[in-house]
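Worksheet: the structure to be examined is printed underneath.
We're numbering straight along the sequence, starting at 1.
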Amino acid sequence: MGSVLKRSEFSWEEYFSDKKKGGHRFSTEEFLTKEANEKLFHLNGGKTLLDFGCGAGELLIHYVPKYEKVIGSDFSRSMLFEAEKKSWNRSMEMWI
């Protein structure tokens with residue numbers, strides 16, 4: 001006889017529905033700046049940056065000065081809202 005697999009009741013959509021902070025190891029400005037600079041070093045610049053899984057935009061704000069257009073995409077609407085607030089507070093042009 002075969003076994004029947006039950007679908008888990010866990011939902012990523014529900015899990016991320018109220019998140020407002022990224023999952024970075026540390027959330028200090030110093031740590032986020034170092035992480036962003038390391039990623040920028042490997043990216044080598046360009047015109048447009050698309051960040052899948054941008055979360056609350058903690059790293060996006062560091063990318064804006066280096067690119068003509070920065071686009072953030074995330075599964076969680078609450079995280080995207082936080083990223084938008086960061087861009088408004090800093091008067092940055094990001095596409096969220």
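Considering NZ of K66 and OH of Y63, their distance stands at 12.0 Å, rounded to 0.5 Å.
Checking L40, T48, L50 one by one against Y67, the side chain to side chain contact (heavy atoms under 4.5 Å, CB included) holds for a single residue, L40.
Within a 6.0 Å radius of CD in E30, no more than 12 heavy atoms belonging to other residues, nucleotides or ligands are found.
For I71 against K69, the heavy-atom pair with the smallest separation is CD1-CE, 4.0 Å. When every heavy atom of G55 is checked against every heavy atom of D74, the shortest pair comes out as N-OD2, 2.7 Å.
The residues E35 and K39 are annotated as salt-bridged, a charged nitrogen and a carboxylate oxygen being separated by less than 4.0 angstrom.
Looking only at side-chain heavy atoms (C-beta outward), E29 and H62 come within less than 4.5 Å of each other.
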I'd like to know whether K86 forms a side-chain contact (heavy atoms from CB on, under 4.5 Å) with L60, so could you lay out the CA-CA distance, the side-chain angles of the two residues, the decisive distance to 0.1 Å, and finally the verdict. CA-CA 9 Å; K86 282 181 179 56; L60 281 179; over 6 Å; no
